[in-house]
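We number each residue from 1, following the sequence as shown.
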Amino acid sequence: MYHIKKYWFVILLAFIVILGVKFFSSNTKTETDHVPEWEQVVEAEESNQPNLNQDVTTSMFVDIKGEVMMPGVYEVDATSRVLDLIKLAGGFTANAEQNAINLAQKLKDEMVIYVPAVGEETSLQVSEQEDGLININEADQSELETLPGIGPSKAAAIIAYREENGPFQSIDDLGNVSGIGEKSLEKLRDLIRIQ
């Protein structure tokens with residue numbers, strides 16, 4: 001007991017030094033030292049994951065005809081719109097019926113854009129049905145109802161499926177739509193397309 005009283009000042013000083021060293025070392029730790037270990041593992045795994053939300057840009061070819069300065073086939077990227085193609089083609093001519101074109105429409109590979117002249121009698125501004133087939137990824141309610149066996153409810157089901165699951169990747173995917181069985185699909189197979 002006498003020794004403890006005699007050296008209390010030394011013990012107190014040693015305790016203060018230890019606390020000071022501990023406090024100083026905790027302030028010099030890196031930012032990750034303050035993050036729990038399990039969060040560091042999650043962050044490391046996330047940093048190794050590819051960003052699945054990024055669009056993969058691929059090129060495609062689109063044909064533009066009619067009242068543009070330089071008609072022809074142009075290579076564009078997958079995010080391009082009609083406005084971008086018009087700019088590539090040098091813009092409209094003075095005779096172009098600009099109101100007949102949807103400049104915001106997204107372009108697709110092998111698409112044909114036709115710019116009519118003022119007063120020209122035509123309903124063909126974007127030609128995607130030259131083969132006579134209905135594109136089930138683009139068709140509206142009334143177009144779908146022109147198909148055999150597709151009434152209002154089945155047409156609505158096709159559009160709902162397309163909106164929930166994205167574009168059809170193959171004609172066979174149409175069989176996943178409620179109300180369309182194998183027999184219906186076989187009747188439609190030669191009348192539809194997906195691009």
Please output the side-chain donor-acceptor pairs of residues 60-68 that fall under 3.5 Å, not counting sequence neighbours, one pair per line with the distance.
unit_1, atom_1, unit_2, atom_2, d
D63, OD2, K65, NZ, 2.7
E67, OE1, T93, OG1, 2.7

Quiz item: Do you know the tightest heavy-atom contact between A96 and V115?
Solution: CB-CG1, 3.9 Å
Practice problem: Any chance you could measure D84, atom CG, to K106, atom NZ, to the nearest 0.5 Å? | Solution: 12.0 Å
Practice problem: Could you go through the side-chain contact (heavy atoms from CB on, under 4.5 Å) check for L188 and I134 one step at a time? | Solution: CA-CA 10 Å; L188 298 171; I134 292 180; over 6 Å; no
Quiz item: Restricting to pairs with a member in residues 72-92, which pass ring pair (Phe, Tyr, Trp, His ring centres under 6.0 Å), not counting sequence neighbours?
Solution: none
Quiz item: To the nearest 0.5 Å, what is the distance between CE (M111) and CD (Q105)?
Solution: 4.5 Å
Exercise. Go through the structure and list residues passing ring-ring contact (aromatic ring centres under 6.0 Å, His included) with Y161, not counting sequence neighbours.
Key: F168
Quiz prompt | Co-members of the apolar cluster containing I18 [side chain, <4.5 Å] | solution = none
Exercise. Would you give the length of the straight line joining atom CG of D173 to atom CD1 of I180, rounded to the nearest 0.5 angstrom?
Key: 11.5 Å
Quiz item: Who are the side chain to side chain contact (heavy atoms under 4.5 Å, CB included) partners of D140, not counting sequence neighbours?
Solution: S142, E143
Quiz item: Are I86 and V73 connected in the hydrophobic side-chain network, where two residues link if heavy atoms are under 4.5 Å apart?
Solution: no
Practice problem: Answer yes or no: is there a side-chain heavy-atom contact under 4.5 Å between L85 and L107? | Solution: yes
Quiz prompt | The single option from L133, I136, L174 passing side-chain contact (heavy atoms from CB on, under 4.5 Å) against I194 | solution = I136
Quiz prompt | hydrophobic_cluster_shared for V118 and I101, side chain cutoff 4.5 Å | solution = no
Self-check item: Backbone of N95 reached by a side-chain donor or acceptor of E97 within 3.5 Å
Solution: no
Quiz prompt | Atom pair CG/CZ of N165 and R162 - distance to nearest 0.5 Å | solution = 12.0 Å
Practice problem: Just jot down the side chain to side chain donor-acceptor pair (under 3.5 Å) partners of Q98, sequence neighbours excluded, or say none. | Solution: none
Practice problem: Using side chain to side chain donor-acceptor pair (under 3.5 Å) as the criterion, list what pairs up with E164, not counting sequence neighbours. | Solution: none
Self-check item: Chi angles and distances behind the side-chain contact (heavy atoms from CB on, under 4.5 Å) call for N135, I192
Solution: CA-CA 6 Å; N135 181 345; I192 60 176; over 6 Å; no
Quiz item: Going from NZ on K108 to CG on N137, what distance comes out if it is rounded to the nearest 0.5 angstrom?
Solution: 8.5 Å
Practice problem: Identify, with sequence neighbours excluded, every residue that meets salt bridge (Lys or Arg N to Asp or Glu O under 4.0 Å) alongside R189. | Solution: D172, E186
Quiz item: Which residue pairs pass the ring pair (Phe, Tyr, Trp, His ring centres under 6.0 Å) test when at least one of the two sits in residues 175-195, sequence neighbours left out?
Solution: none
Exercise. For S80, check side chain to side chain donor-acceptor pair (under 3.5 Å) against everything at least two apart and list the hits.
Key: D77
Under 3.5 Å, side-chain donor or acceptor atoms of residues 151-159 against the rest of the protein: list the pairs with distances, not counting sequence neighbours.
unit_1, atom_1, unit_2, atom_2, d
K154, NZ, G179, O, 3.2

